[in-house]
J.: 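Structure provided below as C-alpha cells; questions to follow.
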Amino acid sequence: MESKIAAVAMKNITKTFGSVVANEKVNLEINRGEILALLGENGSGKTTLMNMLSGIYYPDEGQIFINGKEEVIASPKDAYRLGIGMVHQHFKLIDVFTAAENITLGQKGKLNIKAATAKIKEICDKYGFDVDPNKKIYDMSVSEKQTVEIVKVLYRGADILILDEPTAVLTPQETEKLFHVMRNMKEDGKAIIIITHKMHEVEAISDRVAVLRKGQYIGDMMTKDTNATEMTNMMVGRTVSLNIKRNKPVDPKPRIKVENLTVKNEEGVVKLDNVSFTANSGEILGIAGISGCGQKELLEAIAGLQKTESGSVTFISDEKTTELLGLDPRKIADMGVTLSFVPEDRLGMGLVGNMDITNNMLLRSFRKGKTIFADRKAPRELAENIVEDLEVVTPGITTPVRRLSGGNVQKVLVGREISSAPTVLLTAYAVRGLDINSAYTIYDLINEQKEKGVAVIFVGEDLDVLLELSDRILVLCGGKVSGIVDGPTADKNQVGMMMTQIGGQNNG
Amino acid sequence: MAKAENHEPFIHISKRDVLPWYKSMGIRAVAILAALVACAIVTMVLTGDNPISIYAAIFRGAFGSARKTWVTLQSMSILLLISLALTPAFKMRFWNIGGEGQVLIGGLAAAACMICLGGKLSNGVLIPVMIVASIAAGAFWAFIPAFLKAKWNTNETLSTLMMNYIGIQLVAYFTVYWEVPKGSGKIGIINQNGNEGWLPQIAGSKYLLAIIVAVVVTIAMYIYLNYSKHGYELTVVGESEQTARYVGIKVSKVIIRTMLLSGAICGLVGLLLVAGINHTITTTITDGQGFTAVMVSWMAKFNPIYMIFASFLIVFLNRGASEISTAFGLNHSFSDILTGIILFFIIGCEFFITYKISFRKKNGKEEKAS
C-alpha cells in the first residue's frame with residue numbers, strides 16, 4: 001500500500017429501484033495491493049454496488065473516484081477504460097468458442113489469435129493460472145470457466161477486480177487454487193473486491209472487510225482484528241449464534257429404503273450406479289459429493305420425478321410398506337406418503353417465479369376439494385403464516401416470489417414443504433446462495449423436522465455444514481456410494497477423499 | 001479533486017415499480033390522445049382533409065346508424081370469441097396461431113350438416129347436431145398440433161400455422177364440391193328457402209345471438225382461467241413445466257385438454273359465422289380474424305375483461321376505416337395507416353408503464369456535493 005490515494009473511492013452512492021432502496025449513501029474505499037471482502041446478507045445491496053462500479057447500473061446519486069480522479073461510469077466500456085473488471089456469479093461465456101476466442105471477444109482491431117494466445121500464456125504464467133487457450137468452453141469444468149473469466153478481465157488490463165461469489169461453485173481444492181492466484185494478483189498491486197458468504201474464506205483471504213446492511217454501509221475493519229461472530233453480528237444487526245445443534249436421533253426407524261437403484265440420464269450416461277441405503281426417521285442423512293455425482297437424480301428418483309433403470313425405493317411406515325418407484329408425485333401423495341421435496345432449482349421447479357406467495361402455496365393444495373374450483377382461502381392463510389413465522393421480507397403475500405431475495409424465496413419454499421407435516425423431507429442445496437442468517441434459519445427448520453421424527457435427506461455442498469448437521473453422511477462418488485460415515489465422528493479430510501475416490505484413501 | 005467530464009448519460013432508463021391502475025390507465029389514455037393527434041397530422045399532411053371530419057366519419061362508420069352499431073357489436077363479439085379461444089392456450093405458452101383454421105373447420109362442419117342433413121332432420125334436431133359437429137371439428141383441428149407437441153415436443157407455432165392452410169384448402173375443395181349453381185365456384189346462400197339449419201334469431205334480432213354467446217363465454221373464460229383448478233394447472237404449465245411435473249401435473253394431458261377447449265370455442269365461432277351470420281361458407285369467411293385475435297389476446301395481457309376493450313378498439317377502427325375510404329374517396333390503405341399509428345401508440349405506451357425515463361439533471365452534481 002505504497003500510494004495514499006485509494007484505487008477506488010465511492011462516496012455517498014445511492015441507488016433505488018422503484019420504491020426499493022438498494023444502496024443508500026454508501027461510502028467504500030479500496031486500496032491497491034489489498035483484498036477487500038464485501039459482506040452483507042442477501043438483498044443488502046452488495047451486487048448492486050459492484051454493478052455500479054462496473055458500469056451495469058448508474059447511480060442515482062453520489063460520486064466515484066478512481067485513483068483520486070472523479071469519474072463517470074456510464075457503461076461497462078467506461079469501466080474497462082478505467083481498469084475495472086468484474087467476474088459475475090453467472091458466467092458470460094460463449095460455449096462453442098475457445099478460451100482465447102472468448103477472452104478476445106469484443107476487443108477492437110484485427111483478431112490475432114496467435115498474439116492473443118501468447119499474451120494469455122503470459123498472464124497465466126505471471127499469476128499461476130492454468131488455462132488452455134484452445135480448449136472450448138463446453139469442455140471445461142466450472143472452475144476452468146471461472147478462470148477464463150478472470151483471465152478475460154486481466155487481459156483487458158483491469159487492475160481493479162471484482163469477484164462476485166467466486167467460490168460458490170468451487171470444490172475446496174479449487175477454492176484454494178483461486179486464493180493462491182488472488183494472492184499473486186495482490187502482490188502485483190491489484191485491488192481486489194470479493195463477495196462471499198463463507199466466513200472461513202473471508203478470514204483466509206481478505207485483508208479488510210466492509211459490511212453492508214439493508215443498503216447501508218455499516219463499517220469496515222481489518223480482518224485480522226475481527227472474527228466470524230463479530231462480522232455476522234454486524235451483517236445482521238443483532239447477535240446471532242453460529243452453532244448448529246445436533247441432538248441424538250430419538251428412536252430412529254427405517255423410513256426410506258433404497259436398494260440397487262440405477263439411473264441413466266437422457267443421453268444414456270449412468271448417473272446412479274447400484275445405490276443402496278436406508279434413511280431413518282428422526283435422523284438427518286447428509287449426502288456429500290462433488291456436484292453432479294448423482295445427488296439430483298437420487299432425490300428426484302425418490303420423489304417420483306426421475307425415470308429409473310432398476311432397483312427399488314420403499315417407504316416404510318408402522319402400518320405398511322409402499323414401493324415408490326414407478327409412481328409420479330401425485331400418486332405418491334395419493335398413497336398417503338407425505339413426501340416433501342425442496343429442489344435445487346427453487347424458482348424453476350419448487351416455485352413459480354411469476355406467481356405470488358399465495359398461488360405458490362396452492363401448488364401443493366390446488367387439488368383439494370370436490371368442486372372444479374381451486375380453494376385459495378387456506379393457501380392465503382398458509383402464506384400469511386409463513387411470512388409471519390419465518391420472517392419473510394416481502395411487501396405482501398401478493399408479491400411475485402421472483403421479486404424476493406434468495407433467502408426469502410427459500411423460506412417460502414421450505415415453509416410450504418414442511419407445512420404438510422411430511423414424514424420424509426428431501427432437500428437439495430437448501431442454503432446455496434443464502435446469507436449466513438437465512439442459512440441458520442433453514443438449519444433450524446430442518447432440525448425441527450428431525451425432532452418431529454421426519455426422515456431428512458440433506459444434500460449439501462459445504463462439508464463443514466454437512467459434518468455439523470448430519471447424523472450420518474452418505475458420500476457419493478461418480479454415482480456410486482463411496483461410503484456411509486457417522487456424522488459426529490466423521491473427519492473432513494476422510495470425507496473429502498471419499499468424494500473423489502470410492503471408499504476414500506483406505507482402499508488405495 | 002478533478003471534476004469529471006460531463007459524459008453522464010443524457011437519458012437513463014430504469015424499471016418502475018408496479019404502477020397503481022389509475023396511473024397506468026392514465027398513460028394509456030394519453031397514448032390514445034397522442035395517437036389521435038399524430039393521425040390528425042398525418043391526415044392533414046397526406047390528404048389535406050380536415051382530421052376532425054375524418055374522426056367523425058370513423059365514428060359514423062361504427063355507430064352511424066342502428067344497423068351499423070349492431071354490426072359493429074356483432075363483429076366485435078366474433079373477434080372477442082376467437083381471442084378468448086386462443087387465450088387459455090397462450091396462458092399455457094402454447095402459441096396457437098391456428099385460430100383461423102380451427103374456425104374454418106368448425107364452419108365447414110356446420111355447412112356440411114346444413115347441406116347434407118337439411119330437409120332430412122327438423123331444425124330442433126339439426127341445430128344440436130351442428131353445434132356438436134362444429135365444436136368437435138374445431139377441437140379436432142386443435143388436437144392434432146396439441147398431440148404432436150405433447151408426444152414429440154414439436155413446435156406448435158409451425159404446426160398450428162400449417163393446419164390453417166390445410167383448413168383453407170379443405171374449404172376450397174368443398175366449395176367447389178357443393179357449388180351452386182354448377183361452375184360458379186361458390187356455394188351461395190345455403191338452404192335459402194327453408195332456412196334449414198339457420199340459427200334462430202333472438203328477440204327478432206339477427207345480431208343478438210353472437211353477442212350473447214360472447215358475453216357468456218367471456219364470463220365463463222374469466223372464471224375458468226382465474227378460479228378453476230384447470231385454469232391454475234395450465235398457468236403453472238405455462239410458467240414452468242418443471243414445476244408442473246414437480247407437483248404431479250401431467251403436462252401432456254394439460255396441453256391436450258387446453259387445446260381441445262381452445263379449438264372447441266373456435267369451432268363454435270365457425271358455427272356462428274356460417275349458420276348464424278353468413279349462411280354460406282367461403283375460404284375468406286374468417287377474414288384473418290384468427291390472426292387479429294392473437295394481437296387482441298396479447299394486448300389484453302390474456303385478461304378476458306380487457307379483451308372486450310381491445311377487440312372493440314380493433315373493430316371500431318376497422319369499421320371506421322372502411323367508412324372514410326368511401327366517404328372521402330381515400331384508398332383503404334389510408335385507413336390501415338391510421339389503424340397502424342393508433343396500435344403503435346397503444347402497444348408502445350406499455351414501455352412507459354414498465355420503465356421510467358429520467359433525463360440528466362443540469363448541474364445536479366454540484367448541488368448534491370455541497
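Owing to the predicted nature of the structure, the values given are computational and were not obtained by experimental measurement. Proteins get letters first, then strands, A, B, ... in listed order; numbering begins at 1 in each.
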J.: Using heavy-atom distances under 4.5 Å, tell me whether A:Asn12 contacts chain B through its side chain, its backbone, both, or neither.
T.: neither
J.: I need the minimum non-hydrogen distance between B:Gln102 and B:Gly263, along with the two atoms involved.
T.: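 Answer, listing the atom of B:Gln102 first, then B:Gly263: OE1-CA, 3.8 Å.
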J.: Taking the six-membered ring of B:Phe352, is NZ or CZ of B:Arg28 closer than 6.0 Å to its centre and within 45° of its axis?
T.: no
J.: Given A:Leu404, which partner from the list A:Leu351, A:Ile357, A:Val393 fulfils the side chain to side chain contact (heavy atoms under 4.5 Å, CB included) test?
T.: A:Ile357
J.: Does anything in residues 80-95 of chain B get under 4.5 Å of chain A by heavy atoms, and if so which residues?
T.: B:Arg93
J.: Highest number of heavy-atom pairs under 4.5 Å with chain B: which of A:Val352, A:Ile64, A:Asp328?
T.: A:Val352
J.: With distance as the sole criterion, is a donor-acceptor pair present between the side chains of A:Asn23 and A:Thr48 under 3.5 Å?
T.: no
J.: With chain B, which of A:Arg330, A:Lys331, A:Arg364 has the greatest number of heavy-atom pairs at distances under 4.5 Å?
T.: A:Arg364
J.: What's the shortest heavy-atom distance between A:Ala79 and A:Leu53, and which atoms?
T.: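 The answer is CB-O, 3.9 Å.
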J.: Which atoms form the tightest heavy-atom contact between B:Ile353 and B:Ser24, and what is the distance?
T.: CD1-O, 3.8 Å
J.: Does NZ or CZ of A:Lys11 fall inside the cone over A:Phe65's six-membered ring, less than 6.0 Å from its centre and within 45° of the axis?
T.: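 Ring-cation test returns yes.
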J.: Between A:Asn354, A:Ile332, A:Leu363, who has the most heavy-atom pairs with chain B when the cutoff is under 4.5 Å?
T.: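 So the answer, after comparing A:Asn354, A:Ile332, A:Leu363, is A:Leu363.
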J.: Quick one: do the A:Arg403 and A:Asn408 side chains pair a donor with an acceptor below 3.5 Å?
T.: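 Their side chains do not contain a donor-acceptor pair, so the 3.5 Å distance test is not met.
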J.: Looking at B:His230, B:Glu241, B:Arg245, which one has more heavy-atom pairs under 4.5 Å with chain A than the rest?
T.: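 Max contact count across the listed options: B:Arg245.
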J.: Mark yes or no for whether A:Arg346, through its side chain, and A:Leu413, through its backbone, hold a donor-acceptor pair below 3.5 Å.
T.: no
J.: Please classify the contact between A:Lys15 and chain B as side chain, backbone, both or neither, with a heavy-atom cut-off of under 4.5 Å.
T.: side chain
J.: For A:Tyr57, is it the side chain, the backbone, both, or neither that has a heavy atom closer than 4.5 Å to a heavy atom of chain B?
T.: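 Interface part for A:Tyr57: neither.
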J.: Write down the atom of A:Thr338, the atom of A:Ser420, and the distance for their closest heavy-atom approach.
T.: CG2-O, 4.0 Å
J.: Need one label for A:Arg376: side chain, backbone, both or neither, based on atoms under 4.5 Å from any heavy atom in chain B.
T.: side chain
